[in-house]
Amino acid sequence: MKLKIYNTKSKTKEFFKPIDLNNIRIYVCGPTVYDRAHIGNARPVVVFDILYRLLKYIYGEKSVTYVRNITDVDDKIINKSISQNKSVDEITSETIKWFAEDNKYLNVEKPTHEPKATQYIPQMISMIETLVSKKNAYVLEDGEVLFSVNSFNTYGFLSRQNLESMMIGNRIIIDKRKRNPLDFVLWKPTSRNNIGWNSPWGYGRPGWHIECSAMSKEILGDTFDIHGGGIDLIFPHHENEVAQSICANNKRLLANYWMHNGFVNIEGQKMSKSLGNYLTVDDLRRRNIDGAVIRFVLLSTHYKQPLDWTSRKVDEAQNILNKWYNINNKQNSKINGIPPNKILDALCDDLNTPLVLSEMHNLLKEEDYQGFTNSLIFLGLNPINSKNSINSQKDQQKEKVNEIINLLIHERKNARGNKDFKKSDKIRIKLEKAGVSINDLENETKWTLKPNFNPRILLTEE
RNA sequence: GGCGUGUUGGCAGAGUGGUGAUGCAGCGGAUUGCAAAUCCGUUAACACGUGUUCGAUUCACGUACACGCCUCCA
């Protein structure tokens, strides 16, 4: 079983060769914590969770170090703290809590480290000092420190850009103080009223990219195995990280493999707040969409491709998982075990999760229930959030809903007993309209809520 | 303008130089008071052009279309 990874750097699929078999090191750019995580944020979290599980399986539970950072200093956070009249710390700690809850809901394993940018300010300052002393960076009069892209001759290699052609685009704001318009901020001066730290260049805060260079160096070392994130981060974020790290550390490489996941669209449209098609994990949870369903949809398209999030896909995922869980309940397979080779092979082929899911169907056809259960758990698609654990604070309301549904089902049963099929059909149609799907078994009727569940319809007469 | 990705059956979505993806939907059947669920069977695709090849959906080149990045963004 050999893992292959598509490497953005080489634009080809390569066999994965670890630097140290006993310590596979991976760094993934995590969220900037200023708002609820949307499904676009959830995608890399789930994708790299699969990679983390796979690496642990191949190289051993204790031989993988997975770092997913948290950016807790940033303009967006500061703006929100001003507009909501809350401290930066309040905003970030609340958002971090939400993020953790969402990840739990999505059955995402905790990374080895989740460093916060604000805890690594001294490391950032020291890295910037090195860059200044090596003339890879320069200090302006007001204390702003900029990285000089001309000082790094392979700048643009990762994103396949060259300095000249980037300049032709008219989107670069010309700042005369910059030696090259593409020079980017390492340290930004700020007023004493704002969040900031003392530095050799005065009171200020770090630029966007330096945090990842500082944290990855501190936790993983100068060069590590895999660096991941969203496709939009290739330029400028990762390009700049490479430049900073290589210049500061005097190494040839930052990461051997670069992996980037595609964007998420909503019903064919680019997700954006202004279009009103902005979906958070919390929105979906409130709509009774199980974490496993979200996970399934996110894994049903290959991670490199754009993913179109549609309600149809959610319904399909829900139906498939319902079916799978019913089979699983019947089979009573043991909990522990290794997924079959065809599942692992598909995962090893650059995380081909759509193929994995289709092989899951095939396992059922072959009646390999043990292999199926093992795979389900391996993929994190096992039902950890039972329906009843959703919105636990709303248990009372839930109980009421349960009561009404059970009452209607009881009425239907009586009607059927009396061969009053007109009445029983009416009840069934009403339940269906409300998003309750019913299933007549030999001596009982089971029901489940569909994503379009709307309790109001239950309360209307006729 | 630069860089990059994609175009597969009704929909979603893998993959392959020659044979089956898979799921949903559809169609036929079993079962059912009806429905759902389940089971059996089944139809159907590789944007266009040229080239390479015994053979191309798969490789190369070109065309068209779509999308992304180059500005904060996962």
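A, B, ... follow the sequence lines: proteins, then strands. Residue 1 opens every chain. Every heavy atom of this structure was used, including side-chain atoms; hydrogens, water molecules and symmetry mates were not.
Among the heavy atoms of the strands lying under 4.0 Å from Pro354(A) are primed sugar atoms or P, OP1, OP2 only; no base atom is included. Within the nucleic acid shown, Lys11(A) comes within 4.0 Å of sugar-phosphate atoms alone, with no base atom in reach, counting heavy atoms only.
Using atom C1' as the reference point in both U57(B) and A47(B), the two lie 11 Å apart (nearest Å). With P as the reference atom, U5(B) and A45(B) are 29 Å apart, rounded to whole Å. Distance check on atom C1': G9(B) versus G1(B) gives 39 Å, rounded to whole Å. If you take atom P in C27(B) and the same atom in C67(B), they sit 34 Å apart, rounded to whole Å. As rounded to the nearest Å, A66(B) and G26(B) have P atoms that lie 32 Å from one another. Taking the P atom of each, A74(B) and C40(B) are spaced 46 Å apart, rounded to whole Å. Comparing the P positions of C65(B) and A60(B) gives a spacing of 22 Å, expressed to the nearest Å. For the C1' atom pair drawn from G51(B) and A56(B), the interatomic distance equals 12 Å after rounding to whole Å.
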Any protein N or O atoms within reach of nucleotides 72-74 of chain B? Criterion: under 3.5 Å, listing atom names and distances.
from	atom 1	to	atom 2	distance (Å)
C72(B)	O2'	Lys76(A)	NZ	2.6
C73(B)	OP1	Trp208(A)	NE1	3.1
A74(B)	OP1	Asn41(A)	ND2	3.3
A74(B)	O4'	Asn41(A)	ND2	3.4
A74(B)	O2'	Gly230(A)	N	2.7
A74(B)	N1	Val264(A)	N	2.8
A74(B)	N3	Gly40(A)	O	3.0

Anything under 3.5 Å between a protein N or O and an N or O of nucleotides 58-60 of chain B, put it in a table, one pair a line.
none

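At distances below 3.5 Å, at least one donor-acceptor pair connects side-chain atoms of Arg53(A) with backbone N or O atoms of Phe378(A). Asp183(A) contributes a side-chain N or O that, together with a main-chain N or O of Asn180(A), makes up a donor-acceptor pair within less than 3.5 Å. Of the possible donor and acceptor atoms, one in the side chain of Glu267(A) sits under 3.5 Å from a partner among the backbone N and O of Ser311(A).
Whole-Å rounding puts the Asn162(A) CG to G4(B) P distance at 11 Å. Atom C1' of nucleotide C69(B) and atom CG of Leu158(A) are separated by 12 Å, given to the nearest angstrom. At whole-Å resolution of the value, OH in Tyr303(A) and C1' in A14(B) are 15 Å apart. The separation between Asp349(A) atom CG and G15(B) atom P is 7 Å, rounded to whole Å.
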>> Trp324(A) vs Phe372(A), test: ring pair (Phe, Tyr, Trp, His ring centres under 6.0 Å). Steps then yes/no.
In response: CA-CA 9 Å; Trp324(A) 285 2; Phe372(A) 175 81; 5.3 Å; yes
>> Determine whether Arg205(A) and Trp197(A) satisfy the following criterion, side chain to side chain contact (heavy atoms under 4.5 Å, CB included), listing intermediate values before the conclusion.
In response: CA-CA 6 Å; Arg205(A) 59 190 152 88; Trp197(A) 293 263; 4.0 Å; yes
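Pair assignment for A37(B): none, as no Watson-Crick or G-U wobble contacts are both less than 3.5 Å. For U42(B), the paired nucleotide is G26(B), the pair qualifying as Watson-Crick or G-U wobble because both relevant distances are below 3.5 Å. Base-pair partner of G62(B): C48(B) (Watson-Crick or G-U wobble, both distances under 3.5 Å). Pairing for C54(B) is with G18(B), a Watson-Crick or G-U wobble pair whose two hydrogen-bonding atom distances lie under 3.5 Å. Using the Watson-Crick or G-U wobble rule with both distances under 3.5 Å, C67(B) pairs with G4(B).
Under a 4.0 Å N-O distance rule, the pair Lys188(A)/Asp75(A) qualifies as a salt bridge. Of the charged side-chain nitrogens involved, none lies within less than 4.0 Å of a carboxylate oxygen, so that Asp315(A) and Arg312(A) do not count as a salt-bridged pair. Salt bridge status for Asp349(A) with Lys13(A): present, with a side-chain N to carboxylate O gap under 4.0 Å. The residues Glu94(A) and Lys80(A) are annotated as not salt-bridged, no charged nitrogen and carboxylate oxygen being separated by less than 4.0 angstrom. A salt bridge links Asp282(A) with Arg286(A): at least one charged nitrogen is closer than 4.0 Å to a carboxylate oxygen.
In this model, the phosphate group of G13(B) is approached by a side-chain N or O of Lys313(A) to a distance below 4.0 Å at OP1 or OP2.
Taking the ring-ring contact (aromatic ring centres under 6.0 Å, His included) definition, one finds that Phe263(A) meets it with nothing, sequence neighbours left out. Legend: residues meeting ring-ring contact (aromatic ring centres under 6.0 Å, His included) with Tyr155(A), ordered by chain and number and at least two apart, are absent. For Arg412(A), the salt bridge (charged side-chain N to carboxylate O under 4.0 Å, His left out) criterion is met by Asp440(A), not counting sequence neighbours.
Residue whose closest nucleotide on RNA chain B sits further toward the 5' end, between Gln161(A) and Thr301(A): Gln161(A).
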> Quick one: what's the B/S/- string for nucleotides 22-38 of chain B, heavy-atom cutoff under 4.0 Å, read 5' to 3'?
Replying inline: SBB--------BBBB-S
